Amino acid sequence: MRLSSMPIATQKEAPADAEIVSHQLMLRAGLIRKLAAGIYSWLPLGLRVVRKVERIVREEMDRAGGLEVVLPSVQPGELWRESGRWDYYGPELLRFSDRHERDFCYGPTHEEVITDIARRELRSYRQLPVTFYQIQTKFRDEIRPRFGVMRAREFVMKDAYSFHIDAASLHETYQVMYAAYSRIFERSGLHFRAVEADSGAIGGAVSHEFHVLADSGEDAIVYSNAGEYAANIEAAAAPPPAHERPPAGPAMEKVATPNAHTIEDVCDFLDVPASSCVKTLFVCGDHDNEVVALILRGDHELNAIKAAKLPGIADPLQMATAAQILQAAGSNPGSVGPVGLGCLTYTDLSAANLADFVCGANEDGFHLRSVNWVRDLDETSSADLRNVKKGEASPDGHGTLEIARGIEVGHIFKLETKYSDPMGAKVLNREGKSIAMPMGCYGIGVTRIVAAAIEQNHDERGIIWPAAIAPYQIMIIPINLPKSARVREAAETLYERLGRQGYEVLFDDRDARPGVKFADCDLLGIPVRLVIAERGLDAGTIEVRDRRDSDSENIEIDSLDDYLQDRLAVSE
RNA sequence: CGGGGCAUAGCGCAGUCUGGUAGCGCGUCUGCUUUGGGAGCAGAAAGUCGGGGGUUCGAAUCCCUCUGCCCCGACCA
């Protein structure tokens, strides 16, 4: 492709609302343009990257035995009522009605549609297992779309669904998909980590997420510094207390704590560590205006996912209002505590193991110290309610936990019969009995991979594409093209030859100064830069530069083929 | 949804307080010049100042209203 005939609109300055580096670079390099909040157009260079990712995904899905389909993006609401998600999914589901006032939605995911296909098409265990996949546009009406295509409302996703006769078969395919996902991210040139995860709105029991490691990631992932363990912090089980609860000490006393409203204030005021305090959080219960109290140690963070799974607590988790708290505790937030509470209460395992702790007195401006379970208040139901912390023991018994940031680019689930059961997707088994098919579900954020790749591969000059997903592999930059017939001749010949050899080549034949071309080449992140100039022609060499390196080198023109083959080798 | 902020040329911004009919940098176009890291000179095009309403002789500027966008948001007990 000649740059003279491609309007690449590179920019020196990024739009002010682009926050993270991938978003800025995608705009500056002219890969995408925003149409509305969370809705983006893909320009030619950006689309080429998307297509490259799609190709890798498609090859690996095919290799894993998947069958490609395309399911409608507009789906009847009726189907969603059948699965129960018309009500459960919430405002993220973009709903509308047609001219007959029938409910429809734009698909945020496709379990309902594929399960409908399966119940119509699959009759016998002999047809199983089978895996369908598609690469298609989804729409999720996110509360806060941000970071460009990283968290967009409209995005391209690969979703796959497998159907089985039993759990063993599902497990087998799950493992195959796990391996396929690992290959996809490896081939895309990404540093990633597979972690145990919560399955969220899609449902099901077992799931793993694939995270691209990057500081800008929205998820916290925890992993053992010595063993294999890795999990999303949402799903990571906190280790139970290592020792028995210590015996109770001095009698409970009420102390005035004027103007101390936060754990930090109270700790400073009473000169105790946060780990000897408990905090009491109120969340909404299952029923109107009911609240549930959650007791955690002062130095621990609530894990909303864990809490929302407990009986009696609204899912998703919602904090109580100040008015509800006042009614339940008899005092304002800042002085509330578990002693004398009448509402349903859960205590985190670590908080339940404390003795002689400090908590709010349910009286404004007062706290209690030397509080002890059993002696001063009844024990409550206890559960794991908190996030794990860096340095805690890994659940697999090897090493301690580290915390890193990750961008979720893939997620695989064992759905079991969550959809096939209510929607009646059944087949006859070997015994002639009709059973609901266990299902698996496997998603990859195709467009998010593009952004994640940039987050992980860039420098101050621009993008550094992994070779496998670069929009073009090679940029040819001639020096003084307008004046030098030799340079023109050599550049044209090389451009023509490399194209014939199957390379994807950009030829910067614009009438621009070299500095402009170098800057654009760096910004666009083309893996190999070839400079054609008089001095190299005299010496019989060509100047090559790997985008990952800061310096170029001159190589014999004869060895160019070997260099390119080596540098641009793509695993298949 | 709550809180905060922004909206002026393709991009980045000034001008708003103190009303007088819109400017800077980058980019774009033309010409000359230049050609190894975003050159220089000369000229040019391009803006319903987010929409609507109001005040005023006069509104980007003041008032009301609507819309869009951005950021933050239970971890406090």
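Each chain gets a letter, A, B and so on, in the order its sequence line appears, and its residues count up from 1. Just so you know, these numbers use all the heavy atoms, side chains as well, and skip hydrogens, waters and symmetry mates. As the structure is a computational prediction, the values presented were derived from the model and not from experiment.
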Of all the nucleotides listed ([options]), which has the minimum atom distance to the side chain of [X]?
{"X": "Lys279(A)", "options": "rG38(B), rU35(B), rC76(B)", "result": "rC76(B)"}
{"X": "Thr10(A)", "options": "rU35(B), rG12(B), rG38(B)", "result": "rG38(B)"}
{"X": "Ala16(A)", "options": "rC70(B), rC11(B), rC13(B)", "result": "rC13(B)"}
{"X": "Val516(A)", "options": "rU35(B), rG36(B), rG38(B)", "result": "rG38(B)"}
{"X": "Arg146(A)", "options": "rC71(B), rC76(B), rC70(B)", "result": "rC71(B)"}
{"X": "Glu19(A)", "options": "rG36(B), rC71(B), rG38(B)", "result": "rC71(B)"}
{"X": "Lys483(A)", "options": "rC76(B), rU35(B), rC11(B)", "result": "rU35(B)"}
{"X": "Ala37(A)", "options": "rG38(B), rC70(B), rG37(B)", "result": "rC70(B)"}

Let me know the distance between [atom1] of [X] and [atom2] of [N], rounded to the nearest Å.
{"X": "Gln24(A)", "N": "rC70(B)", "atom1": "CD", "atom2": "C1'", "result": "14 Å"}
{"X": "Leu524(A)", "N": "rG38(B)", "atom1": "CG", "atom2": "C1'", "result": "13 Å"}
{"X": "Glu218(A)", "N": "rG73(B)", "atom1": "CD", "atom2": "C1'", "result": "15 Å"}
{"X": "Ile233(A)", "N": "rC75(B)", "atom1": "CD1", "atom2": "P", "result": "17 Å"}
{"X": "Ile20(A)", "N": "rC71(B)", "atom1": "CD1", "atom2": "C1'", "result": "14 Å"}
{"X": "Phe147(A)", "N": "rC69(B)", "atom1": "CZ", "atom2": "P", "result": "17 Å"}
{"X": "Glu543(A)", "N": "rG37(B)", "atom1": "CD", "atom2": "C1'", "result": "11 Å"}
{"X": "Phe269(A)", "N": "rC76(B)", "atom1": "CZ", "atom2": "P", "result": "19 Å"}

[atom1]-based separation of [M] from [N] [nearest Å]:
{"N": "rU61(B)", "M": "rG19(B)", "atom1": "P", "result": "12 Å"}
{"N": "rA60(B)", "M": "rA14(B)", "atom1": "C1'", "result": "12 Å"}
{"N": "rG20(B)", "M": "rC76(B)", "atom1": "P", "result": "50 Å"}
{"N": "rA59(B)", "M": "rG40(B)", "atom1": "P", "result": "40 Å"}
{"N": "rU56(B)", "M": "rG10(B)", "atom1": "C1'", "result": "35 Å"}
{"N": "rC64(B)", "M": "rC75(B)", "atom1": "P", "result": "33 Å"}
{"N": "rC11(B)", "M": "rG36(B)", "atom1": "C1'", "result": "28 Å"}
{"N": "rG4(B)", "M": "rA22(B)", "atom1": "P", "result": "35 Å"}

For [X], report the nucleic acid contact type (base, sugar-phosphate, nothing); a contact means any heavy atom under 4.0 Å.
{"X": "Leu296(A)", "answer": "nothing"}
{"X": "Arg386(A)", "answer": "nothing"}
{"X": "Asp511(A)", "answer": "base"}
{"X": "Lys34(A)", "answer": "sugar-phosphate"}
{"X": "Val266(A)", "answer": "nothing"}
{"X": "Arg461(A)", "answer": "base"}
{"X": "Ala320(A)", "answer": "nothing"}
{"X": "Glu264(A)", "answer": "sugar-phosphate"}
{"X": "Asp520(A)", "answer": "base"}
{"X": "Ala329(A)", "answer": "nothing"}

Would you mind pulling out the nucleotide paired to [N], Watson-Crick or G-U wobble, both distances under 3.5 Å?
{"N": "rG38(B)", "answer": "none"}
{"N": "rG2(B)", "answer": "rC72(B)"}
{"N": "rA44(B)", "answer": "rU28(B)"}
{"N": "rA7(B)", "answer": "rU67(B)"}
{"N": "rU56(B)", "answer": "none"}
{"N": "rU16(B)", "answer": "none"}

*Which sits closer to the 5' end of RNA chain B, Arg535(A) or Gly38(A), going by the nucleotide each is nearest to?*
Arg535(A)

*Closest-nucleotide ordering on RNA chain B, the 5'-leading residue of Gln318(A) and Val336(A)*: Gln318(A)

For [X] against [Y], the heavy-atom pair lying closest together:
{"X": "Val388(A)", "Y": "Ala238(A)", "answer": "CG1-CA, 3.5 Å"}
{"X": "Leu93(A)", "Y": "Trp86(A)", "answer": "CD2-CE3, 4.1 Å"}
{"X": "Ile479(A)", "Y": "Pro514(A)", "answer": "CD1-CB, 3.9 Å"}

*Give a yes or no on whether a donor-acceptor pair under 3.5 Å exists between the nucleobase atoms of rG25(B), that is its base, and the side chain of Glu13(A).*
yes

_N/O donor-acceptor pair, side chain Arg529(A) with base rG36(B), under 3.5 angstrom_ = no

*Under 4.0 Å between a side-chain N/O of Lys12(A) and OP1 or OP2 of rC26(B), yes or no?*
no

*Respond yes when some side-chain nitrogen or oxygen of Arg513(A) is under 4.0 Å from OP1 or OP2 of rU34(B), and no when none is.*
no

*Decide, yes or no, whether a salt bridge links Arg386(A) with Glu392(A) under the criterion of side-chain N to carboxylate O below 4.0 Å.*
yes

*Taking side chain as C-beta onward, heavy atoms only, is Arg547(A) less than 4.5 Å from Asp459(A)?*
yes

*Does Cys277(A) reach the side chain of Val272(A), with side-chain heavy atoms less than 4.5 Å apart?*
yes

*Look at the aromatic rings of Tyr40(A) and His23(A) and report parallel, tilted or perpendicular, splitting at 30° and 60°.*
perpendicular

*asked:* For Phe139(A) and Tyr106(A), take the angle between the two ring planes, folded into 0 to 90°, and tell me which bin it lands in: parallel under 30, tilted 30 to 60, perpendicular over 60.
replied: perpendicular

*With no hydrogens and no angle check, is any side-chain donor or acceptor of Lys389(A) less than 3.5 Å from a backbone partner on His300(A)?*
no

